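Everything on this sheet refers to the single structure shown next.
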Amino acid sequence: MGLRFHNTLTRTTESFEPLDPERVGIYGCGPTIYGHAHIGNFRTFLFYDLVHRYLEWKGYGVHFVMNFTDVDDKTIRAAREAGVGIAEFTEPFARAVLEEADALGMARFDLYPRATAYVGGMIELIRTLLDRKLAYVTDDGSVFFDISAFPDYGKLSGKDLEQVRTGERVAGDEYGKDDVRDFALWKAVKPEDEEVGAAWDAPWGRGRPGWHLECSVMGLEEVGPTLDLHLGGEDLIFPHHEDEIAQSEGATGRPFARYWLHVKHLRVEGRKMSKSLGNFVTVRELLEEGVSCAAIRHQLMAAQYRRELNFSRAGLEASERAVTRLVDLRDRLRRHPVGEGKAGSGDSSLAAGDAHLAASAERALEGFEVAMDDDLNISGALGAVFNFVTEVNTHLDAHLTVPERERDAALQCLASVDQVLGLLEVADREREVDADLATWVEERIEARAEARRARDWARADAIRDELAERGIVLEDGPDGTRWKRG
Ligand code: AMP
Ligand code: ZN
């Protein structure tokens, strides 16, 4: 049937037909970099990664852009509290997102535009909207979008135009989801904006862009005029994406995005994640607790994006086991003797040379693709992969040797699905780091033992401190020194 997506815009599941299969244009709303991204954000970003990797796996050329929101109400407020400009304030958070994305095995996107680099384009877009009488300037030099002048307003979120409170305005970036009002394209400058370097000159007065406008302009300039896919978390449908449509289509007269995909919000231990409940978890915190990147990736990715996903400790343990099963199977296949396909003594029903592994691999790849094609049903796709794991293990249990081409077909199947899943990829990288660390620790322990033999206690202590700084704890016992991560 081919690839299908559930399109929020049409409320139906549709065949995916990009404008240009060589360059599928995708824009995903990225993080607001006023603090550390949490694992809920990463559910959404890992979904972007899945879309990115799966489209490439299917043979499409992909041009994927995810922005950084580096100016809005929240960044300005936080930068002021920190007493620095927004550029200096936001930079470390942008770096942290990229580091964590790398750690979780997210393939790099083509571009990570920052809103502040596009203010010129934003002013141009506002000018067009003013010319087209879709926007108006207020006395203080702010500019608002007139939603009553744009009949399509509400088409994404299904908001009833009857609710529209024409002429009533909302200027904040963090307003309620039911406020169907004219929204700010440009906000007249306030002293606090100047304080943190968040003000620009414009023909109607100095000020700064509204948040919705930022994404329209980055999307239009870097991917548009018409995007194939626009992605984001479900909270962005209204007003953020509704407003992006109004501004973009109002200015270009063309459809802004053809397929809109929205990720359901992550829950934590059964509850909505929020700072006030104290269940706000970051990737960094989990890594510090010793959870593996591959397990975090697995857990955040394992449910289809429109389904409920509950992040839990028990789930993380199950994810660790799932990743281990994949890694172990690949190790086992690599080590398993090759030959003519000799059955083990206990199982005479399995003939020598049978084609179990290649046939299993083919079935698994087919099941994987059918599930992924169905609106990126990752849990179905993982189901096909883990059936395969069971089948291969059973086959290897029963066979002392397997034909080389059979074994290779099974290994290729794992490698192929992992181009999308990225689980072996991340686990391999972590194993490499672990092996490097172990070599270094062993070498330091030997140097410390030598220092102690020479009664150079200061040096021995210095080595212990050096290890402690890297989180390594030593335990001296009768059989020598053992170590663990603290
Ligand atoms: P923000 O940094 O709040 O602008 O969010 C960046 C992206 O993460 C947006 O696409 C949000 O919709 C998404 N997001 C925020 N919270 C969650 C959550 N709890 N679960 C999934 N996605 C989220
Ligand atoms: Zn956005």
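We're numbering straight along the sequence, starting at 1. Both ligands and their constituent atoms are indexed starting at 1 by order of listing. As the structure is a computational prediction, the values presented were derived from the model and not from experiment.
Heavy atoms of His38 approach ligand 1 to within less than 4.0 angstrom. Taking 4.0 Å as the cut-off, Ala37 does not count as a neighbour of ligand 1 on heavy-atom distance.
Paired with Leu414 under the rule side chain to side chain contact (heavy atoms under 4.5 Å, CB included), one option of Leu326, Val327, Val392 passes, and it is Leu326. Across Asp373, Thr12, Leu229, a single residue satisfies side chain to side chain contact (heavy atoms under 4.5 Å, CB included) together with Phe5, and that is Leu229.
Residue Cys29 approaches ligand 1 through these ligand atoms, each under 4.0 Å from one of its heavy atoms: 10 (O). Residue-ligand proximity, Thr32 to ligand 1, at heavy-atom distances under 4.0 Å covers atoms 1 (P), 2 (O), 4 (O). With ligand atoms numbered from 1 in the order given, ligand 1 contributes 9 (C), 10 (O), 12 (O) to contacts under 4.0 Å with heavy atoms of Leu236. In summary, the atoms of ligand 1 found under 4.0 Å from a heavy atom of Tyr48, numbered by their order in the structure, are 10 (O). Of all atoms in ligand 1, numbered sequentially from 1 with element shown, those under 4.0 Å from a heavy atom of Pro31 are 2 (O), 6 (C).
Classified by interplanar angle (parallel below 30°, tilted 30° to 60°, perpendicular above 60°), the ring pair Trp57/Tyr54 is parallel. Under the 30°/60° scheme for interplanar angles, the aromatic rings of Phe64 and Phe109 are found to lie parallel.
Taking the ring axis of Phe238 as reference, the NZ or CZ atom of Lys159 stays within 45° of it and closer than 6.0 Å to the ring centre.
Between Asn41 and ligand 1, an N or O atom pair is found at a separation short of 3.5 Å. Where the criterion is an N or O separation shorter than 3.5 Å, residue side chain and backbone included, Gly232 fails it with respect to ligand 1. Any N or O atom pair closer than 3.5 Å counts here, and Asp235 shares at least one such pair with ligand 1. At a 3.5 angstrom cut-off on N or O pairs, Thr44 counts as close to ligand 1.
The pair Arg114-Glu91 meets the salt-bridge criterion, since a charged nitrogen lies less than 4.0 angstrom from a carboxylate oxygen.
In this structure, a donor-acceptor pair under 3.5 Å is present between the side chains of Asp146 and Ser148. A donor atom on one side chain and an acceptor atom on the other are not found under 3.5 Å apart for Thr44 and Asn41. Using modelled atom types and a 3.5 Å distance limit, the side chains of His262 and His241 yield a donor-acceptor pair.
The protein heavy-atom contact nearest to atom 20 (N) of ligand 1 is Leu266 N, 2.9 Å. With hydrogens left out, the protein atom closest to atom 17 (C) of ligand 1 is His265 NE2, 3.2 Å, a heavy atom. In terms of protein heavy-atom proximity, atom 10 (O) of ligand 1 is closest to Gly233 N, 3.1 Å. Annotation: atom 21 (C) of ligand 1 to nearest protein heavy atom, Gly40 O, 2.9 Å.
Residue His241 does not count as close to the Zn ion (ligand 2), with no N, O or S atom under 2.8 Å. At least one N/O/S atom of Cys29, from backbone or side chain, sits under 2.8 Å from the Zn ion (ligand 2).
The ring-ring contact (aromatic ring centres under 6.0 Å, His included) contacts involving residues 289-317 comprise Phe47-Tyr305, where partners must be two or more places apart or lie in separate chains.
Distance alone, capped at 3.5 Å, places no donor-acceptor pair between the Glu391 side chain and the Ser360 backbone.
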